[in-house]
Asks: 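Shown below is the structure under consideration.
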Amino acid sequence: MNFDFDKTEKTLRDKINGLFDPDSKAALANLENGDIDEVREATLNCSKILGQAGYMALGLDDGKNGASLTATQESLAVVSPSLFLSVEVSARVFGRLVAVYGTPDQEEKILLPMKEGLLIGTVAISEGGMNIENDPLDTAGVSSDDGFRVSGSKGHVVNGPIADWIAVAGKVGDEIGFFLIKKDSEGMSIGQRLTTLGYNGVTISAVTLENCHVPSTYIIGPFEGEEQLKTVRRWEDQALTAASLGQIQRSFDTALNYAKNHKSGGKPIIAYQEVGFKLAEMLTLLQTAQLLAYRAAWMADTGDREAAVLAHCAKVFCTESSEKVASYALQILGGQGYISGNPAEEGYRESKYLQIAGTSSEISRMKIADNVLMSQ
Ligand SMILES: Cc1cc2nc3c(=O)[nH]c(=O)nc-3n(C[C@H](O)[C@H](O)[C@H](O)COP(=O)(O)OP(=O)(O)OC[C@H]3O[C@@H](n4cnc5c(N)ncnc54)[C@H](O)[C@@H]3O)c2cc1C
């Protein structure tokens, strides 16, 4: 097996950090303090830069993950976790939904500008008491006026306050479709921006629909069964796994730098074995998480029977490792680590989202266990 990336893959991966000019970097650093308009502007500016570099379109035309996509995503997640989450929900989840299941007209009107970073999208699936595994959707559309009237409510939607388009999952009779709803559509209200433990540069809100009219040309599906819903969740899981790799790298880099430069008892703290052992453990987790995530992404493209279970293993391991590595990093930074605003402390908070969102650690483990039982 060849574990190396080819030259084009390496070039894109290496250039992500250098893509952003000082103004964009300053806007990124300020995402957490910005109001909604400022966050939208900074997200769009960076999306345009990423669009020109070809990043936004990765994995959209062929629908494939690939180890190289994961490694490139990891590079962006190192630069800015919040920008990463916002861009990935827009491109790799919303964008893929339109690319893989949408009509040519939807592609032209929505996907093309999204690939250039000119618009922001999101997908609203989860509801109060529903998850894909064990409860039906309450949101539903009924036929009316050459389209549908959609009603329902979604509790948490990444990019909700800044999105140009929201793909809302809902029932159509016994089938499931995604209603593509433009911002400011009558009948759709976006809730207040929610305050969250981490990813504070991402805008998140509830979305409520009350008899919202969606033309028949703006539905994806409807489909029998839940396969498409589950596919969207797999894309989300893949992006969250890549987010973890970026988090681990950020925490490790921060701790290593601090351990080399911060002195205690007259010597850099890296000289103390207890600190060195923590760094060794962090690097081991980073290397292992990368291998597992890349392999899971590579296997997803082979259609192998084990691909789905490996993706769950990767999400559990990588997202939980990101919490462990952030915790070690925070400890190495000592009092400095406990002060808000350093990558270790941010990673510690953000890792909880990675374990809850998409397929949660608990549900992932159940799926892994089910697969083990079935294969015996
Ligand atoms: C900040 C934020 C942003 C989000 N953005 C979006 C978005 O953009 N779009 C979107 O659609 N959703 C979004 N979500 C929703 C997110 O996907 C869900 O929160 C997540 O899937 C978990 O569902 P839940 O909150 O309903 O928890 P529940 O499903 O109620 O689970 C609660 C607990 O019970 C466990 N549990 C539940 N069912 C089982 C089971 N069958 N077996 C074992 N354990 C189980 C869970 O693992 C968890 O620990 C967001 C959530 C947050 C917090």
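Scope of the values below: all heavy atoms of this structure, side chains included, with no hydrogens, waters or symmetry mates. Residue indices begin at 1 and follow the sequence shown. Counting convention: from 1, in listed order, for ligands and their atoms alike.
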Asks: If you count the atoms of ligand 1 from 1 in the order shown, which ones are under 4.0 Å from a heavy atom of Met366?
Replies: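 Matching atoms, with element in brackets: 42 (N), 43 (C).
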Asks: Residue-level breakdown please: for Tyr353 versus ligand 1, do any non-hydrogen atoms fall below 4.0 Å on the side chain, on the backbone, on both, or on neither?
Replies: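 Side chain only.
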Asks: Can you list the ligand 1 atoms lying under 4.0 Å from a non-hydrogen atom of Arg233?
Replies: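 Result: 17 (O), 21 (O).
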Asks: Within ligand 1, which atoms have a heavy atom of Ile125 less than 4.0 Å away?
Replies: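 It comes down to these atoms of ligand 1: 10 (C), 11 (O).
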Asks: Which part of Lys154 is near ligand 1, with near meaning a heavy atom under 4.0 Å away: side chain, backbone, both or neither?
Replies: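 It is neither; nothing of Lys154 touches ligand 1.
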Asks: Under 4.0 Å, counting heavy atoms only: does Val89 come that close to any atom of ligand 1?
Replies: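 The answer is no: ligand 1 sits nowhere under 4.0 Å from a heavy atom of Val89.
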Asks: Counting heavy atoms not belonging to Glu281, are there more than 12 under 6.0 Å from its CD?
Replies: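 For Glu281, atom CD is crowded (more than 12 foreign heavy atoms under 6.0 Å).
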Asks: Quick one about Glu74 and Tyr294 (side-chain donor to acceptor, distance below 3.5 Å, no hydrogens or angles considered), yes or no?
Replies: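 Short answer, yes.
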Asks: Please compare Leu194, Val158, Leu240 and report which has the shortest non-hydrogen distance to atom 8 (O) of ligand 1.
Replies: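 Going through Leu194, Val158, Leu240 one by one, Val158 has the nearest heavy atom to atom 8 (O) of ligand 1.
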Asks: Quick one: does ligand 1 sit under 4.0 Å from the side chain of Ala124, the backbone, both or neither, non-hydrogen atoms only?
Replies: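 Near ligand 1, Ala124 shows its backbone, while the atoms from C-beta on stay back.
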Asks: What are the atoms of ligand 1, with element, lying closer than 4.0 Å to any heavy atom of Ser360?
Replies: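 Taking each heavy atom of Ser360 in turn, ligand 1 has 46 (C), 47 (O) under 4.0 Å.
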Asks: Are any of the N or O atoms of Thr196 closer than 3.5 Å to those of ligand 1?
Replies: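 So ligand 1 has no N or O lying under 3.5 Å from an N or O of Thr196.
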Asks: May I ask you to establish whether Arg92 and Tyr55 are in a cation-pi arrangement, using a distance under 6.0 Å from NZ or CZ to the six-membered ring centre and at most 45° from the ring axis?
Replies: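 The answer is yes; both the distance and angle limits are met.
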Asks: If you measure from each non-hydrogen atom of Val123 to ligand 1, which part falls under 4.0 Å: side chain, backbone, both or neither?
Replies: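 For Val123, only backbone atoms sit under 4.0 Å from ligand 1.
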Asks: State, to 0.1 Å, how close Ser185 and Cys212 come at their nearest heavy-atom pair, and which atoms those are.
Replies: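 Ser185 and Cys212 have their closest heavy atoms at CB-SG, 4.2 Å.
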Asks: Test of understanding: given a 4.0 Å heavy-atom threshold, classify the contact between Ser126 and ligand 1 as side chain, backbone, both, or neither.
Replies: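 It is both parts that get close, each with some atom under 4.0 Å.
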Asks: With a 4.0 Å cut-off on heavy atoms, does Lys352 reach ligand 1?
Replies: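 No.
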Asks: Can you tell me if Tyr272 has over 12 outside heavy atoms packed within less than 6.0 Å of its OH?
Replies: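 Enclosed.
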Asks: Please determine if Glu127 has a nitrogen or oxygen closer than 3.5 Å to a nitrogen or oxygen of ligand 1.
Replies: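 Looking only at distances, the answer is no, because the N/O contact criterion of under 3.5 Å is not met.
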Asks: Would you confirm whether the ring centroid of Tyr101 sits within less than 6.0 angstrom of the ring centroid of Phe178?
Replies: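 No: the rings miss the under 6.0 Å criterion.
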Asks: Who gets closest to atom 20 (C) of ligand 1 by heavy atom: Thr195, Val207, Ile356, Val93?
Replies: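 The option holding the nearest heavy atom is Ile356.
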Asks: For atom 21 (O) of ligand 1, state which one of Ala167, Ser361, Gly358, Ala357 supplies the nearest heavy atom.
Replies: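 Residue with the shortest heavy-atom distance to the ligand atom: Gly358.
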Asks: In Å and rounded to the nearest 0.5 Å, what is the CD1 to NE2 distance from Ile204 to His156?
Replies: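 Output value for this atom pair is 8.5 Å.
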Asks: Could you tell me if the side chain of Gln228 sits less than 4.5 Å from the side chain of Ile220, heavy atoms only?
Replies: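 In short, these two side chains do not touch, never coming nearer than 4.5 Å.
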Asks: Test of understanding: given a 4.0 Å heavy-atom threshold, classify the contact between Lys367 and ligand 1 as side chain, backbone, both, or neither.
Replies: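 Lys367 to ligand 1: no contact under 4.0 Å from either part.
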Asks: Could you verify whether a donor N or O on one side chain and an acceptor N or O on the other, from Thr359 and Asp237, lie under 3.5 Å apart?
Replies: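 Indeed, the side chains of Thr359 and Asp237 share at least one donor-acceptor pair under 3.5 Å.
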Asks: Can you name the one residue among Glu88, Lys315, Gln73 that meets side-chain hydrogen bond (donor to acceptor under 3.5 Å, both in side chains) with Gln238?
Replies: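 Testing Gln238 for a side-chain hydrogen bond (donor to acceptor under 3.5 Å, both in side chains) against Glu88, Lys315, Gln73 leaves exactly one candidate, Gln73.
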Asks: Just by distance, do the side chain of Lys154 and the backbone of Thr139 share a donor-acceptor pair under 3.5 Å?
Replies: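 No, Lys154 side chain to Thr139 backbone: no donor-acceptor pair under 3.5 Å.
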